[in-house]
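The residues of the chain are indexed from 1 along the displayed sequence.
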Amino acid sequence: MQMDVYNQFFSLIGLIFYIFSIFISILLVSSSKKDKYSFKNLTPIFFILIVALYVLPLSLFNFSQSNPIGDISPQFFSFSQYIPYANILCAVFNITFVFFYKKFTLFKCYSMTVNTQNRIKRYEYYIIFLLLIISIFMLFQLSREVGGFLNLILSGYGVTNLFVGKNHYAVGFEWIVSLSIILWGNVLSIKNKKYIYIYMVLILILSIIFFIMGRRAVLVILIGTSVLLYYQLYKRISIFKLLSLFSLCFYLLTLNGFLRGDSYENFSSLSTTLYEKKQNIDNESLNYFYTLTSGNFAVPYETLPQIVKSLGVDYNLGLGKYSFGPISAIIPNVLWPDRPLPLSNWYMATFYDVKRLNEGRQFFLLTAPYMDFGPAGVILIGIFFAYFWANIVKRGIKYHDDVLVTILIALVFSNTLNMVSNDFLGWAVAFFKGYGFPVIILLLIRKIKSNIKYYLKLR
C-alpha cells in the first residue's frame, strides 16, 4: 500500500512536469501578438498537442492506479514506475522543440514568396493516370488470393492478413488515396463547383470502402487531408463547423472500431452483419472514448517506459542503429526476405514473444532516439523536429500558391498521428513510399521539366 502511494506521488510529479511543459511551450510559441494565430505559430502547437494525445492517456491511467484494461499492456505494472521519468523526458522534448523551432524560423527569406504553378497541367494528368493504372494493377495482384477487387473490399479488417509479405502491392491503397487527394486539391484551386461535387462523391465512395475494411488510419488521412485542403484552397470553415465535423468523424471512427471484424460473403451479408453489430452496440454500455483512455492512443507510449526500464538488459545503446535501421524498409520484402524486423515487430518479439509480421506495437517517436543515445537522444530528436517543422512552415509560406506543395504539406499534417506513434525514419520511409510518392513524383518531374526549359533558354 505504501508503495502504491509513492508510485502515485511520482506519477503526479511526472504529470505536472509534462502538463506544465505544454503550457510553457504554447506560451513561448504564441508570445508574438503580431502573428499569434498564423500558420507559423499554429504548426508547433498542433504538433505538441498531438504528442500529448499519446502521452496523457497512459500517464493518467498510471496515476489512477487501475488494473490494465482494453489495449493497455498486461505487463503494465512491470514498467509503470518508469512512466513519471518518461513524462519528464517528454517535457524536456517539448521545451527543446519549441526553443529551437523559434530559432529556426528566424529566416530573412521567411516571408518571401515565389510565383508558382497553381494548377495541374495536362502532362501531369497523364502521369496521374499512369500512377492510377499502376495502383490498380498492384491491388489486382493483392486481390488474386481472395478472388478479385470486390472480395478484397469484403475481406474487411481481415485484409491486413493479405499484407504480410505483400506490402509492395498494398501500397496501391495509399497511392489511390493520394491521387484522389491531388485531383481534389486541384478542383478546389480551380473553384469549379460542378467538379468539386463530383470529386466529393469520389472521396465519399473511398471513405465507405475503407470504412468497410476497417482502415481507420487511412480514413483519418483521407478525410483530414480533404478538409485541410478545402479550408486552405477553397473556403474557410468556422470553428463551430470544424468542431461539429470533428465530433462526427470521431464518433464514426470509434463506431468503425466496434464494427470491424471478419470478412463478409457479399454486400447483402455486409449490411446484415453491420446492422446486427450496431444493434448489439446500442444494447451495450460502451465507452466511445476508449481510444483516448485505454485504446489506440494509450498503446504507443508504453514503449518509452518499457525501453527505459530495459536499457542494458534487452538491448544496449545503438548510437544510431535503431533510428536509422528503418532505411532498410525502402527495399521490398520480395527483394530482401531476411531484412531486419521493423522496431514495432522487434518490440513484440522481445517483450511479448509474438513473432507474427502482421502484429506490432506502435512505436512512440521518442523511443528509438532513447534506444540510441539515452536522454541525449530526446534532446537531439527535439532539435530535429524543430528543424523539420520549421522547414515545412517555410515552404508552406514560400510556395503557398503551388497546389502540389500545399497538398504535400496537408498530407504531412494528416499523417502526424502516424508520425508520433512511430519512429520518425520508419514513418518517413512509409510516407514517401505511400501517400507522399505520387505528389513527390509530380514535383520532381515538374522540377526537371523546368530545369530543362531554363537550360535550353541559356543556349
Side-chain angles (χ1 to χ4, degrees), residues 124 127-143 152 159-183 185 206 210 213 215-222 224-225 300 322-346 357-360 362-363 365 368 384 388 391-392 404-405 407-448:
E124 291 175 330
I127 298 168
I128 290 170
F129 181 72
L130 176 61
L131 290 173
L132 181 61
I133 295 298
I134 295 172
S135 302
I136 292 171
F137 171 75
M138 289 191 290
L139 295 183
F140 172 75
Q141 293 296 109
L142 188 67
S143 68
L152 184 67
V159 74
T160 54
N161 296 322
L162 298 175
F163 295 170
V164 178
K166 297 178 182 177
N167 282 332
H168 52 292
Y169 292 140
V171 78
F173 283 121
E174 296 174 10
W175 285 14
I176 284 178
V177 168
S178 183
L179 293 168
S180 303
I181 290 297
I182 291 170
L183 296 173
L206 282 174
F210 289 117
M213 299 171 72
R215 308 297 293 165
R216 290 190 297 179
V218 181
L219 285 169
V220 168
I221 292 163
L222 176 62
T225 310
Y322 300 106
S323 294
F324 291 97
I327 291 177
S328 64
I330 294 173
I331 304 172
N333 278 339
V334 68
L335 299 179
W336 189 4
D338 299 321
R339 75 182 182 195
L341 286 174
L343 285 174
S344 59
N345 297 114
W346 169 86
L357 290 177
N358 64 330
E359 289 192 35
Q362 289 179 300
F363 229 64
L365 83 165
F384 170 79
F388 173 79
N391 276 275
I392 291 287
L404 282 179
V405 173
I407 289 168
L408 184 61
I409 290 174
L411 280 168
V412 170
F413 270 87
S414 63
N415 269 271
T416 306
L417 289 175
N418 289 337
M419 184 192 299
V420 173
S421 61
N422 212 326
D423 58 287
F424 179 80
L425 204 53
W427 170 83
V429 169
F431 178 78
F432 287 119
K433 286 200 308 182
Y435 298 107
F437 183 80
V439 189
I440 293 167
I441 283 293
L442 288 171
L443 285 169
L444 283 174
I445 292 173
R446 178 187 291 180
K447 184 69 174 177
I448 292 168

How far apart are the C-alpha atoms of V218 and F173, what are their side-chain angles, what is the distance that settles it, and do they pass the side chain to side chain contact (heavy atoms under 4.5 Å, CB included) test?
-> CA-CA 9 Å; V218 181; F173 283 121; 6.0 Å; no
For I440 and F432, run side chain to side chain contact (heavy atoms under 4.5 Å, CB included): C-alpha distance rounded to whole Å, both residues' side-chain angles, the deciding distance at 0.1 Å, then the answer.
-> CA-CA 8 Å; I440 293 167; F432 287 119; 2.8 Å; yes
Assess whether side chain to side chain contact (heavy atoms under 4.5 Å, CB included) is satisfied between L222 and L206, documenting all intermediate values.
-> CA-CA 8 Å; L222 176 62; L206 282 174; 3.8 Å; yes
Working for side chain to side chain contact (heavy atoms under 4.5 Å, CB included), residues E124 and I445 | CA-CA 9 Å; E124 291 175 330; I445 292 173; over 6 Å; no
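For S135, the side chain to side chain donor-acceptor pair (under 3.5 Å) test picks out no residue, with sequence neighbours left out. Every residue two or more places apart in sequence or in another chain that forms a side-chain contact (heavy atoms from CB on, under 4.5 Å) with L132 is listed here: I136, I176, L179.
In terms of modelled atom types and a separation under 3.5 Å, the side chain of N415 and the main chain of N418 share no donor-acceptor contact. The closest donor-acceptor contact from the side chain of S178 to the backbone of E174 lies at 3.5 Å or more, if one exists at all. Checking side-chain atoms of T416 against main-chain N and O of F413 turns up a donor-acceptor pair under 3.5 Å.
For F388 and F424, the ring centers sit closer than 6.0 Å to each other.
Residues M419 and V412 share a closest heavy-atom pair of CE-CG1, 4.2 Å. F324 and L425 make their closest contact through CA-CD2, 3.4 Å (heavy atoms, listed as atom of the first residue, atom of the second, distance). When all heavy atoms of V171 and K433 are compared, the pair lying nearest together is CG2-O, 3.2 Å. In terms of heavy atoms, A368 sits closest to F363 at N-CE2, 4.0 Å. Of all heavy-atom pairs spanning S414 and T225, the tightest one is OG-OG1, 2.6 Å.
Atom CE of M138 is separated from atom CG of L131 by 8.5 Å, given to the nearest 0.5 angstrom. From L219, atom CG reaches atom CE of M213 across 10.5 Å, with rounding to the nearest 0.5 Å. Atom CZ of R446 and atom CD1 of I441 lie 13.5 Å apart (nearest 0.5 Å). Taking CZ of F437 as the start and CG of L411 as the end, the distance is 14.0 Å to the nearest 0.5 Å. Distance check: L442 CG to L408 CG gives 10.5 Å after rounding to the nearest 0.5 Å. Here the CD1 atom belonging to I407 is positioned 8.5 Å from the CG atom belonging to L183, to the nearest 0.5 angstrom.
The closest side-chain heavy-atom distance from I181 to Y435 is not below 4.5 Å. Contact annotation: the side chain of I182 approaches that of L404 to within less than 4.5 Å [non-hydrogen atoms, C-beta and beyond].
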